[in-house]
Amino acid sequence: MEDKEFAKELPKKHEDISRWYTDVIAKAELADYWLVRGFMVIRPYGYALWENMTALLDARFKATGHKNAYFPLLLPESLLVKEAQHVEGFAPQVAWVTEAGTEPLEERLAVRPTSEAIFGTMYSKWIQSWRDLPMLINQWCSVVRWEKRTLPFLRTTEFLWQEGHTAHRTEEDGVEETMRMLEVYRDFVEAELAIPVVKGRKSESEKFPGAVDTYTIEALLPDGRALQSATSHHLGQNFARAFNITFQDLDGERRHVWTTSWGLSTRTVGAVIMVHGDDSGLILPPRIAPVQVIIVPIHGKDADEPALREAVDKVSSALSPRFRVEADWSDKRPGWKFNEWEMRGVPIRLELGPRDLRARQVTLVRRDDLERKKQPVPWDGLEARVAAELEAVQGALFQRALQFRAANTRRVTSGEEFRRVMEGPRGFILADWCGDAACEARIKDETGATVRCLPLDTEAAKGPCTWCGRPGQAQALFARAY
RNA sequence: CGGGGCGUGGCCCAGCCUGGUAGGGCGCUUGGUUUGGGACCAAGAGGCCGGCGGUUCGAAUCCGCCCGCCCCGACCA
């Protein structure tokens, strides 16, 4: 009964998750549509969220020895086509610049869909000796891949991301880097975004165009579909050969370098929205929430305005050195503010009214608490309590997501069972698989599911292929994909 | 790119069938009373009805084409 009126404005998450998703993005002011289909404006609140994510991820890149740089937006077609698999994979999605002002260009320029060709070109100039290796560079930028069907954050034509590009002396070094960065992503997504992921290797058909091996972290979204949340590619010497990246080794021999690339995009913002949100709107993990604590002042009948302001300032300044805290002094009424900040997913609300003033306390409410329990907390020791509650919210969100995934991951041993799961609850399916691309295509045709990855931590296949009965090569994680 | 739906002040929508010169709710502005789960009163501002063309004395309304958005499918971080 309480907020029927308000709830009507947002569809129930479990009843219409597509509408819920796009509506919550609009209402929480994360993003808005641009005039060109597939492009979006990331609004200040959404961008603050992304900035918090990038800061935490960037720190991990720095800690693993990488440096940031910036490479150009456009590249000549002749560069893009140097690696055959690469160009074939990206051709359908590339946007082209063909004119400058009124003059046609003699060679059309591709808007980067990714920057392997760009980095490769420069690396061939910069790398001469084994002493130049490893070369460990990352860039934060946007890329363009033309999309047929788009969705804010989860699938936009232009998206923000980072792409790391590294070059190494030996294959082992390259593989090690690939796995190191995959682990960086896992740690980042699980610890900061509170989203559990499965680490795995992509099948041949899902591999990055031009890669020897693609590794991925896969998250499960509430509608039972999988989201590739980050990828790390071992590129072998494919790009080194295509772009002539060579060095003189210790033994005097000239050799091709081994390269890697790895990326994480604004798509993960979509995952955060989807995984944690509820019927009242966003729920943001405290580590990345633009506002971690919102203070709502409440004027009473016998309002002592100066005393209220003084108390809010006191609470605010006690918390602000350590937390991202804001006080909402707008002239909306308290109920309106409660709903508004819940929509925006702020992890902790502190109410401060006449009763609290008298008792020298605040009333604390956690966003992840469906009951909206109002907990009185004395001013003394507030900082420690808030720290503990934020940690608790972070942990609770991860546990909730972990439970959902566990409840929706099914070990399947027959084609019939496979079909039933995909027609019903969907989710992750673990099944023995022969590894054959044709078999994979058949599974996709008949169930909509694809091989998300071959999980790194599950044992090899125990039995024959669940689908075709031929000898099982590996245990694969299947799901419908975003 | 196929199938379906929808385009009317900032937002949600009525009006269209049966043509006659645009209306409601929310929001916004100003003033006042309010403030512990989306307050109330009063006075205001704001729209060439997605675009182009056609029919007509007259088009938001009828016809054609185009564009955009949403949902569902094939391709993708």
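Below, chains carry the letters A, B, ... as their sequence lines are ordered, and counting in each starts from 1. Predicted model only: the values in this text are computed from it and were never measured.
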### Query
Is the backbone of A:Pro286 close enough, under 3.5 Å, to the side chain of A:Gln292 for a donor and an acceptor to pair up by distance?
yes
### Task
Please state the P separation for the pair B:rG50 and B:rA59 - nearest whole angstrom.
15 Å
#### Entry: Under 3.5 Å: donor-acceptor pair, side chain of A:Arg367, backbone of A:Glu342
yes
### Task
Please measure how far the C1' atom in B:rG44 lies from the corresponding atom in B:rU35, and state the result in whole Å.
25 Å
### Spacing of the C1' atoms in B:rG51 and B:rG46 (rounded, Å)
22 Å
### Message
Checking the side chain of A:Ser232 only, and the main-chain atoms of A:Thr178 only, is there a donor and an acceptor separated by less than 3.5 Å?
### Response
yes
### Query
Between the side-chain atoms of A:Lys148 and the base atoms of B:rG73, is any donor-acceptor pair under 3.5 Å?
no
### Query
Donor-acceptor pair, A:Gln228 side chain versus A:Glu218 backbone, under 3.5 Å?
no
### Query
Any side-chain N or O of A:Arg149 under 4.0 Å from OP1/OP2 of B:rC72?
yes
### Query
Quantified in whole Å, what is the P atom distance between nucleotide B:rA43 and nucleotide B:rA60?
31 Å
### Task
Considering only atom C1', compute the distance from B:rG47 to B:rC11 and round it to an integer number of Å.
14 Å
### Message
For A:Lys67, is the NZ atom crowded, meaning more than 12 foreign heavy atoms sit under 6.0 Å from it?
### Response
no
### Task
Go through the N and O atoms of the side chain of A:Arg333 and the base of B:rG36, and report whether any donor-acceptor pair is under 3.5 Å.
no
### Task
Between A:Tyr33 and A:Thr156, name the one whose nearest nucleotide on RNA chain B is closer to the 5' end.
A:Tyr33
### Query
Using atom P of each nucleotide, how far apart are B:rC48 and B:rC6 to the nearest Å?
24 Å
### Query
Just the dot-bracket of RNA chain B, please: which string comes out with Watson-Crick or G-U pairs under 3.5 Å, [ ] for crossing, | for another strand?
((((((((.[[[[.)....(..]]]].((((((.....)))))).....[[[[[..)....]]]]])))))))....
### Query
By centroid distance (under 5.5 Å) and plane angle (under 30°), are A:Trp161 and B:rA77 in a stacked arrangement?
no
### Task
Give a yes or no answer on whether the side chain of A:Lys337 reaches the backbone of A:Ser330 with a donor-acceptor pair at less than 3.5 Å.
yes
### Message
I want to check one thing: is the phosphate of B:rC28, taken as OP1 and OP2, less than 4.0 Å away from some side-chain N or O of A:Lys332?
### Response
yes
### Query
What nucleic acid atoms does A:Gln93 come within less than 4.0 Å of, heavy atoms only: base, sugar-phosphate, or nothing?
sugar-phosphate
### A:Asp23 (side chain) donor-acceptor with A:Leu10 (main chain) under 3.5 angstrom
no
### Residues touching RNA chain B, which here means a heavy atom under 4.0 Å, drawn from residues 212-229 of chain A
A:Gln228
### Query
Counting only side-chain N and O atoms of A:Thr22, is one of them less than 4.0 Å from OP1 or OP2 of B:rC70?
no
### Task
Would you kindly give the CE-to-C1' distance between A:Met40 and B:rG68, to the nearest whole Å?
19 Å
### Task
Give the ring-plane orientation class for A:Phe119 versus A:Phe71, where under 30° counts as parallel, over 60° as perpendicular and anything between as tilted.
parallel
#### Entry: Whole-angstrom distance between B:rG7 and B:rC12, as gauged at atom C1'
13 Å
### Task
Give a yes/no answer on whether the side chain of A:Lys374 brings an N or O atom under 4.0 Å of OP1 or OP2 in B:rG37.
no
### Task
Would you confirm whether A:Arg145, through its side chain, and A:Pro113, through its main-chain N or O, come within 3.5 Å as a donor-acceptor pair?
yes
### B:rG73 and B:rG37, which share atom name P, separated by this distance in whole Å
42 Å
### Summary
Contacts of A:Asp16 and A:Arg145 projected onto RNA chain B by closest heavy atom; the upstream (5') one is A:Asp16
### Task
Indicate the ring-plane relationship of A:Phe478 and A:Phe418, choosing parallel, tilted or perpendicular according to the 30° and 60° boundaries.
perpendicular
